[in-house]
Amino acid sequence: MPTVAADPGPFTFDPATTALLVIDMQRDFLLPGGFGESLGNDVAQLRRTIEPLAALLAAWRAAGLRVIHTREGHVPDLSDCPPAKLRRGSMIGQPGRFGKILIRGEYGHDIIDELRPLDGETVIDKPGKGAFYATDLSDALKDATSLVVTGVTTEVCVHTTIREANDRGYECLVLADCVGSYFPEFQRVGLQMIAAQGGIFGWVAESSALIKEITR
Ligand code: TIU
């Protein structure tokens with residue numbers, strides 16, 4: 001079985017029961033001039049994940065392995081958005097440069113062109129930060145026992161999803177160069193939190209270490 005050099009130790013996985021999760025690589029979070037940037041965030045901090053993630057996706061697909069994409073967003077009438085989220089999420093549902101912000105069907109809600117899902121790949125639409133809450137992700141994962149976790153943002157949707165996955169019994173490998181935060185400090189500490197205490201939430205590795213194992 002492939003074994004990846006990782007922190008806090010080697011991560012061994014069975015490719016047949018491992019899925020690659022690509023979390024919320026949406027235009028609203030990543031495009032210059034979009035929602036994320038309009039909140040004062042530096043989208044370059046997220047955009048550095050695009051190239052390594054595209055390379056990983058190419059290798060993962062070439063190996064015939066499973067890919068699941070997620071998108072954070074809400075139905076147009078916002079009936080799936082808790083009022084508390086709406087109050088603090090301020091701009092959700094408001095018109096933005098790329099359509100209504102975080103609303104399903106809008107241009108900005110969809111995944112960036114560089115990482116467009118292929119036909120047959122599952123796309124999970126989620127109303128929350130975690131990908132398991134109010135979605136059918138558990139069913140979509142079928143017999144998977146391990147997850148390779150990528151996407152944005154490290155301390156928000158990636159962390160929430162990893163924590164949910166842990167409580168459901170999945171082993172998680174998080175790829176440091178394929179997850180991004182608007183805040184460099186949160187990126188650093190967010191990754192440390194995953195591997196601390198002997199891997200309290202999972203393992204952290206670079207994508208090159210995983211690619212090496214799946215292209216042997
Ligand atoms: N996908 C995700 O992380 N949603 C967020 O709202 N992230 C922020 O960092 N704001």
Side-chain angles (χ1 to χ4, degrees), residues 19-54 56-58 61 66-141 147 149-162 164 178-183 186-187:
L20 170 62
L21 265 190
V22 185
I23 297 174
D24 300 2
M25 292 297 287
Q26 295 162 258
R27 296 180 181 120
D28 275 339
F29 295 120
L30 287 137
L31 285 195
F35 169 51
E37 194 172 83
S38 73
L39 293 176
N41 294 312
D42 175 11
V43 292
Q45 296 291 339
L46 303 195
R47 295 187 63 80
R48 59 159 191 78
T49 64
I50 298 173
E51 204 176 298
L53 198 33
L56 172 70
L57 263 177
R61 285 164 172 159
R66 274 187 264 180
V67 184
I68 295 183
H69 308 258
T70 72
R71 298 183 295 202
E72 179 180 353
H74 299 279
V75 295
D77 70 4
L78 295 172
S79 57
D80 60 353
C81 185
K85 181 179 182 184
L86 203 51
R87 277 195 297 275
R88 281 178 294 105
S90 60
M91 296 174 78
I92 294 171
Q94 301 296 312
R97 172 128 158 230
F98 302 114
K100 288 186 188 164
I101 288 162
L102 292 186
I103 297 298
R104 293 179 193 167
E106 300 287 339
Y107 182 79
H109 171 265
D110 209 353
I111 293 166
I112 58 172
D113 294 338
E114 296 91 326
L115 304 176
R116 195 175 38 243
L118 296 185
D119 287 346
E121 290 177 354
T122 302
V123 179
I124 299 279
D125 279 318
K126 62 187 186 65
K129 304 304 185 199
F132 289 89
Y133 170 69
T135 71
D136 58 4
L137 178 57
S138 293
D139 294 337
L141 286 170
L147 305 177
V149 185
T150 65
V152 297
T153 62
T154 305
E155 78 280 15
V156 183
C157 292
V158 171
H159 248 257
T160 307
T161 299
I162 290 166
E164 287 182 324
C178 295
V179 296
S181 168
Y182 295 119
F183 308 99
F186 292 174
Q187 171 76 5

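This chain uses plain numbering: 1 for the first residue, then up along the sequence. The figures here come from the full heavy-atom set of this structure, side chains too, leaving out hydrogens, waters and symmetry mates.
- Side chain of T150 to main chain of V179: no donor-acceptor pair is present (N/O by atom type, distance under 3.5 Å, no hydrogens or angles).
- Among residues two or more places apart in sequence or in another chain, the salt bridge (charged side-chain N to carboxylate O under 4.0 Å, His left out) test is passed with E114 by R47.
- Qualifying ring pair (Phe, Tyr, Trp, His ring centres under 6.0 Å) partners for F183, counting only residues two or more places apart in sequence or in other chains: F186.
- I112 contributes atom CD1, which lies 6.5 Å from atom OG1 of T49 (distance to the nearest 0.5 angstrom).
- Among residues two or more places apart in sequence or in another chain, the side chain to side chain contact (heavy atoms under 4.5 Å, CB included) test is passed with A54 by L115.
- Other residues, nucleotides and ligands place no more than 12 heavy atoms under 6.0 Å from the CZ atom of R116.
- Applying the side chain to side chain contact (heavy atoms under 4.5 Å, CB included) rule to R88 yields the partners A84; only residues at least two apart in sequence or on another chain are considered.
- The salt bridge (Lys or Arg N to Asp or Glu O under 4.0 Å) pairs that include a residue from residues 27-44 are R27-D113, where partners are two or more places apart or lie in different chains.
- For T135, the side chain to side chain contact (heavy atoms under 4.5 Å, CB included) criterion is met by I124, K126, P127, L137, not counting sequence neighbours.
- The shortest side-chain heavy-atom distance between Y182 and F29 falls under the 4.5 Å cut-off.
- Between S181 and Q187, the shortest heavy-atom contact is N-OE1, 3.4 Å.
- Separating the CD1 atom in I23 from the OG1 atom in T161 is a distance of 4.0 Å, to the nearest 0.5 Å.
- For K129, the salt bridge (charged side-chain N to carboxylate O under 4.0 Å, His left out) partners at least two apart in sequence or on another chain are E72.
- Under the rule for a side chain to side chain contact (heavy atoms under 4.5 Å, CB included), the partners of D139 that lie at least two apart in sequence or sit in another chain are D136.
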Task: Trace of the side chain to side chain contact (heavy atoms under 4.5 Å, CB included) decision for L102 with M91 - done: CA-CA 9 Å; L102 292 186; M91 296 174 78; over 6 Å; no

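- Remark: F132 engages Y170 in a ring pair (Phe, Tyr, Trp, His ring centres under 6.0 Å) (not counting sequence neighbours).
- In this structure, the side-chain hydrogen bond (donor to acceptor under 3.5 Å, both in side chains) partners of D110, at least two apart in sequence or on a different chain, are R71.
- Here the side chains of I103 and H109 are not in contact, with every heavy-atom distance at 4.5 Å or above.
- At least one side-chain heavy atom of I68 sits less than 4.5 Å from a side-chain heavy atom of L21.
- Between V43 and L31 there is no side-chain heavy-atom pair separated by less than 4.5 Å.
- The salt bridge (charged side-chain N to carboxylate O under 4.0 Å, His left out) test applied to R61 returns E121, not counting sequence neighbours.
- Atom CG of D125 sits about 10.5 Å away from atom NE2 of H74, to the nearest 0.5 Å.
- Proximity of a side-chain donor or acceptor of R66 to a complementary backbone N or O of L141 within less than 3.5 Å is detected.
- At least one side-chain heavy atom of P117 sits under 4.5 Å from a side-chain heavy atom of I111.
- Checking side-chain atoms of E164 against main-chain N and O of A131 turns up a donor-acceptor pair under 3.5 Å.
- Evaluation of the salt bridge (charged side-chain N to carboxylate O under 4.0 Å, His left out) rule for R104 yields D80 as partners, not counting sequence neighbours.
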